[in-house]
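What follows is a set of notes on a single structure, which appears directly below.
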2 protein chains.
Amino acid sequence: MGVSLKDVALRAGVSVKTVSNVVNNYPHIRPGTRERVQRAIDELGYRPNATARHLRTGRSGIIALAVPELGNPYFADLAAAVIDAAAHHGHTVLLDHTAGLRTNETLVSQGFRSHLIDGLILSPIQLENEDLLRRTDGPPLVLLGEREYDAPYDHIAIDNVAAARLAVRHLLDLGRRRIAFVGARRETLRQPAHLRLRGWREEILRAGGTPRDELVVATDGYDRLDGAVAMTRLLALPEPPDAVFAYNDLVALGALRVLAERGLRVPQDVAVVGFDDIEDGRYGGVSLTTVAPDKAAIARLAVDCLIARIEAGAGGAAGADRAAIVPRRILPGHTLVVRESTTGRARAAEPRLVPG
Amino acid sequence: MGVSLKDVALRAGVSVKTVSNVVNNYPHIRPGTRERVQRAIDELGYRPNATARHLRTGRSGIIALAVPELGNPYFADLAAAVIDAAAHHGHTVLLDHTAGLRTNETLVSQGFRSHLIDGLILSPIQLENEDLLRRTDGPPLVLLGEREYDAPYDHIAIDNVAAARLAVRHLLDLGRRRIAFVGARRETLRQPAHLRLRGWREEILRAGGTPRDELVVATDGYDRLDGAVAMTRLLALPEPPDAVFAYNDLVALGALRVLAERGLRVPQDVAVVGFDDIEDGRYGGVSLTTVAPDKAAIARLAVDCLIARIEAGAGGAAGADRAAIVPRRILPGHTLVVRESTTGRARAAEPRLVPG
DNA sequence: CTGAAAGCGCTTACAG
DNA sequence: CTGAAAGCGCTTACAG
């Protein structure tokens, strides 16, 4: 440790500028010079110091991805996709974990660690609009997920209302009439922004039904246990639901577990649809019908947007005026993956995990 | 962006040294001075530039954790625990993803990104001993996981042989006599270091049984699909097993899925034990008996070891001679969590997910 | 095509 | 208790 440009320059008998040129692949270098420098680099085992470069250029080549829960496979998948997409741009990803807490999300968005990163992709849960408006500086920011904000930042998310309606329509088509919605987090229950809940409501109304409040169960979080608790409450109803649309797959899996414990048949007694298409959903005793967001597209679009903002900021005339930013809203696609938890059999495309 | 120590010094009418002292909480500063400086800091919204500090001190306050698969909840849990433990030492964690590939693991261990981090915790899959011996410089390194190496690095892992024997003994105690081992990765099959397989063998021999080769199924990876494929092969045997000990929970869950598809009863027809104690295992149609490593202890010990090495290196007289490092091997604890997949009922301590 | 020099924002002996 | 100055390892106008 400790071989610097200067050491290489000394050995090759050139200036540090020339070594820097070789390292950075500048076009116009005399072949002999390049060769001599390259040999010195190899002999000395020189490797550029990213920190010094960062200090000088103001660019680290690192972007951060802040997600609420790494333990949720959805975010693990998303992280993998973001890492891929960033690699295409020669960027490294720093993974951050907010636990879905407002304080952490605010901290991250305010530019905690901002000297380290060129940009931030944030998937917020509790962050409020005012937290975002209070953000005065910090690197470019791209938002992910269901929450909608009135702030000058790009936002990438599938059309959650449409996706939820797709799921509910599927249940209606199967003849279900008492469809519960499980997983509305308490503090967001009143917000108009709770898009999946809105989709549930709209689709039931469209079909001529009545969205019943007693069939909407608020939860503390979005985890399996929350789904289990909610399902238990639903089964205690005088007239339990014949279908459940869960906020996400983890919640749905918790619900499935309780149904299994009670000896209820899925989907005969209760059909279940999740959201996210995590791998776990394919491997339970009953495989899970779910809404599959196009994660690769989400990741790619988010990274592309962010990189564009970073580069615009660098070349920005008169200092990229934040107020002048026109935020982009992009809607990647989604599909409904039908499996046993609604139809009682695996779909044609994946009849069985293993043939035989 | 752009407020430096110098700006603060100018405003407060002191030297940069004094500002630096205030920022770093040096004890002996005249109260009036500190106050004046603090006010300037607040007014200007100054925040120290971590990159410059890193360049100067050689310490970034960042440690890297490189794991094979973020999608495996075991590693997600472990990552969360490491982040916690590192925070106690005022360190930030950079998460790295190797996909369990030798090239990536070598790259990471060789000090890719080494200028950014103070130390590395690596959980290798395919890394070979020679890859490790070829490591000439790079920051302190702590190894995690089942693979054992003859190289001068600390290694934190539970006693995998003992843990495997515990699992197999449980199956033997239940009267099972044809116990399969599923999940030996092909390329590691011949290695004596495949500790869980060794535990399986030893425990069967101890009980007076015969470890049968046809009951050991190699897999391509350690994922659900691998478990499903392996289980399918086992069921095609003339005499299928009456129990399965899986390399990890994901493999076990894949096996459970195939058993469910075939209409076989768990545990009556086939009992299943996994390894890792991931949350998914508690929520299937049949909850999974599993070996639970003490993840918090693993994380804490790994971080403690690493920080100790980092600080020793910094203060090391005559440059911490790598050959002089005496590697530490530490064995955190583990327990067997008995659930439905072996006993047919949830254990007393967690009878049902939700009472009622 | 290449060199000499300034400077990114810090910390840290060295003085006083 | 505080200041002036060097230097961490780079990149980048500015010359030539």
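In what follows, chains are A, B, ... by sequence order, proteins preceding strands, each numbered from 1. Remember, it's a predicted structure, so these values are computed and weren't measured experimentally.
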## Note on the structure
Result for 5'-nearest mapping on DNA chain D, choosing between A/N21 and A/A52, is A/A52

### Query
So does A/R134 pair up with A/E130, basic N to acidic O under 4.0 Å?
yes

#### Entry: Straight-line distance of A/E128 CD to A/Y149 OH, nearest 0.5 Å
6.5 Å

### Query
Contact class for A/I29 (heavy atom, under 4.0 Å): base, sugar-phosphate, or nothing?
sugar-phosphate

### Message
Once you apply a heavy-atom cut-off of 4.0 Å, does B/R34 come out as touching a base, just sugar-phosphate, or nothing?
### Response
nothing

In this structure, how many angstroms lie between the [atom2] atom of [N] and the [atom1] atom of [X], rounded?
X     : N      : atom1 : atom2 : result
A/L44 : D/dG9  : CG    : P     : 13 Å
B/E35 : D/dT2  : CD    : P     : 13 Å
B/R36 : D/dC1  : CZ    : P     : 15 Å
B/D7  : C/dC10 : CG    : P     : 9 Å
A/L55 : D/dC10 : CG    : P     : 12 Å
A/N49 : D/dT11 : CG    : C1'   : 13 Å
A/K6  : D/dG7  : NZ    : P     : 8 Å
A/L5  : C/dT2  : CG    : C1'   : 15 Å

Using OP1 and OP2 only, check whether a side-chain N or O of [X] sits under 4.0 Å from [N].
X     : N      : value
A/S20 : D/dT11 : yes
B/T51 : C/dC8  : no
A/Y26 : D/dT11 : no
B/R30 : D/dC1  : no
B/N24 : C/dT11 : yes
B/T57 : C/dC10 : no
A/S15 : C/dG3  : yes

Counting N and O atoms only, with roles assigned by atom type, does the side chain of [X] sit under 3.5 Å from a partner on the main chain of [Y], one being a donor and the other an acceptor?
X      : Y      : result
B/N24  : B/Y26  : no
A/D154 : A/R328 : yes
A/D118 : A/R59  : no

### Pairwise 5' ranking along DNA chain C for A/R56 and B/K17, keeping only the more 5' one
A/R56

### Task
Look through every strand shown and name the nucleotide pairing with D/dA13 as Watson-Crick or G-U wobble, where both distances are under 3.5 Å.
none

### Summary
By the Watson-Crick or G-U definition, both distances under 3.5 Å, C/dA4 is matched with none

### Summary
Given the options A/N104, A/L122, A/T98, A/P68 meets side-chain contact (heavy atoms from CB on, under 4.5 Å) only with A/T98

